[in-house]
There are 2 protein chains.
Amino acid sequence: MLERTEWEVVLTLAEELHFGRTAERLHLAPSQVSRVVKSLERRVGAALFVRSSRSVALTSIGARLVRDLAPHVRGIEDAVRNAMESGRSPRGTLRVAFVGAAAGQQLLKAAALFGGRHPGCEVRIHEAQVHDGVPRLLAGEVDVLITVLPVRGVRVGPVLLSEPQLLAVPPRHPLAGRRSVTREVYGDHPVVRLPDTMPEESRLHRVPAETPAGRPVRRGPQGSTFAEILTLVASGQGVFPVGEHAARFYPRPDVSYVPVADAPPVDWAPVWLETNESGALRAFVECAAETAS
Amino acid sequence: MLERTEWEVVLTLAEELHFGRTAERLHLAPSQVSRVVKSLERRVGAALFVRSSRSVALTSIGARLVRDLAPHVRGIEDAVRNAMESGRSPRGTLRVAFVGAAAGQQLLKAAALFGGRHPGCEVRIHEAQVHDGVPRLLAGEVDVLITVLPVRGVRVGPVLLSEPQLLAVPPRHPLAGRRSVTREVYGDHPVVRLPDTMPEESRLHRVPAETPAGRPVRRGPQGSTFAEILTLVASGQGVFPVGEHAARFYPRPDVSYVPVADAPPVDWAPVWLETNESGALRAFVECAAETAS
DNA sequence: ATGTCTTACGGAAGACGTAATAATA
DNA sequence: TATTATTACGTCTTCCGTAAGACAT
């Protein structure tokens, strides 16, 4: 409808009322200004400026057009400028959630570094539970989630913490005295199930459907928060593989931990939706990576 | 800042979420849509859309940009559309003034024709006096003025009425009995002066500074309305050259009219400021020309 | 295998500057 | 005569369609 050059020329010429100065301000040759104005006038079907070699004046139609155009042009410029700032520099507020105490500690360090580095951007911290971390991310309630990998359908940042797996068992459980176990024991003892609001891939990574030998894993009761899972373990309803930090962050007299020799490490990383990427988000992930190393 | 194609593509793609359909709606090839989006994203410094070959989605930054952009783009389109309509088709209200009864009659006929032809446009009629017709036009109080030529610095429409000059004199004046007079008599009898708010050129056209023989014209008192001028004539303070119609429109027992043989005809025409030209104005002048012929 | 976005390439349209011209005071 | 807007002309950018490629379902 209206080319960029056209409104630039019209608005500038309406201010300057002089083709030469208008051209200068727009880094154009005066002839170009003349052509652009004339072409627009032909398209509009009315003169916007009355000009002789000695004077330039707005017509009433031109004046009206300028009056109507100016605020909207400013509005567009603001919108683009705003998008540019959101994309580049950290601004506004960033909502970050974590699942579990270890992630919380990582997050606090990252937030401290970020806060010092980008005072113009507020970080709002939320604690999520095992069952609602990913759903809240997908729902757009939070921008970044620090959680256990793998997570599908999201962008994944660098691993902040990688720890060996321990099996949580009741203190008097047959496995409690062992130096270490293998995942083969999942065929003999029921394993507490993760909430099914978690993606299946994530759950299977922690607790496979079959033991290494091919026997089916025995399914225990389902828990939806970490505390709930530990309580189920303590009450003898199942065992559950956790990251090493749990032994330090959740020391309970009614739960013992035994290394799982053949389980992959538990990796913690920030994840986010590609659609929510922004300058602030990128900067935060960078801070998290720095504090982790 | 933002090219026309860019916002067209961004807004359309945000609606369609499909490059092919977007291209179709904008009469472009899909490749062009892709290039435009990518180029804008590079300039903004952030992704506006997340896309695979199977799906297209707005990022939060893109969504914000679209939300901020849309109303202003509509505003610009409206502004241009409005200017186009003002330039082409008669719209809104047109303020027309006339000086003198003959012009008034012409105007009424023109307004009637115009009103029937362009019902969407209102014509507001004003009566102006000899002294304030042109000033009111210049001040922007009226859009068109039907008055006596010549008028400088304005656009002049076709002559609607051309009539011989008569000299208004008191009935008992030495010239009152003559078959006709020449402008030479202006050297012998004071001539009522037109108001000096009228452009000098206009006044000199009616009453030159010198007689044909080169004698100075005798300056009588100044009148600012036509009725005032006739009253000055009637009271014997001067003579005054008028158009032929005055004998019919202003018949007074105390004023007689004698043809002025060597005076140019009095021409009546619509005049207007070039800065106020519009579709309505052009249409009105056309109607006036038609009713005159 | 199909539908869809992206990249490479080449041609054509149009934007632009220079210089000459016209118009005004 | 000096200043300024406009037109003519040639160049060069960049816009854009075609076709091939990449990718996901």
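Any value given below was found using the heavy atoms of this structure, including those in side chains, with hydrogens, waters and symmetry copies removed. Per chain, numbering begins at 1; letters A, B, ... match sequence-line order.
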Using distance alone, with no hydrogens and no angle criterion, decide if B:Asn82 and B:Arg91 have a side-chain donor and acceptor under 3.5 Å apart.
yes

So, A:Arg4 and A:Glu8, do they make that salt bridge, N to O below 4.0 Å?
yes

Atom CZ of A:Arg35 and atom C1' of C:dC16 are separated, to the nearest Å, by 6 Å

Answer yes when B:Glu6 and B:Arg43 have at least one side-chain N-carboxylate O distance shorter than 4.0 Å, and no when they do not.
yes

Distance (rounded to the nearest 0.5 Å) between B:Met1 CE and A:Trp7 CH2:
7.5 Å

Expressed as a whole number of angstroms, how long is the span from A:Glu3:CD to C:dA13:C1'?
13 Å

One thing to verify: whether A:Asp68 and A:Arg64 come together as a salt bridge, which I'm taking to mean a side-chain N less than 4.0 angstrom from a carboxylate O.
yes

Below 4.0 angstrom, N of the basic side chain to O of the carboxylate: do B:Glu15 and B:Arg21 qualify?
no

Are any of the side-chain nitrogens in A:Glu277 or A:Arg88 under 4.0 Å away from the carboxylate oxygens of its partner?
no

Round to a whole Å and report the spacing from CG of B:Leu28 to C1' of C:dA13.
14 Å

For a 4.0 angstrom threshold against heavy atoms of chain A, report the outermost contacting nucleotides of DNA chain D in 5' to 3' order.
D:dT3 to D:dC9

To the nearest 0.5 Å, how far apart are CG in A:Asp267 and CG in A:Leu161?
8.5 Å

Under-4.0 Å salt bridge between B:Glu200 and B:Arg152:
no

Hey, can you pull the residues of residues 36-66 of chain B with a non-hydrogen atom under 4.0 angstrom from DNA chain D?
B:Ser53, B:Arg54

Could you identify which residues of residues 9-20 of chain A place a heavy atom less than 4.0 Å from some atom of DNA chain C, listed by residue number, or say none?
none

Calculate the interatomic distance between B:Arg21 atom CZ and C:dG3 atom C1'; express it in whole Å.
12 Å

May I ask you to say whether A:Glu41 pairs ionically with A:Arg35, meaning some side-chain N is under 4.0 Å from a carboxylate O?
no

Assess whether one donor atom and one acceptor atom, taken from the side chain of B:Ser34 and the base of C:dT7, lie less than 3.5 Å apart.
no

CE (A:Met198) and NE2 (A:His131) are apart, to the nearest 0.5 Å, by 11.5 Å

Rounded distance (Å) that lies between atom P of C:dA15 and atom CG of A:Leu26
15 Å

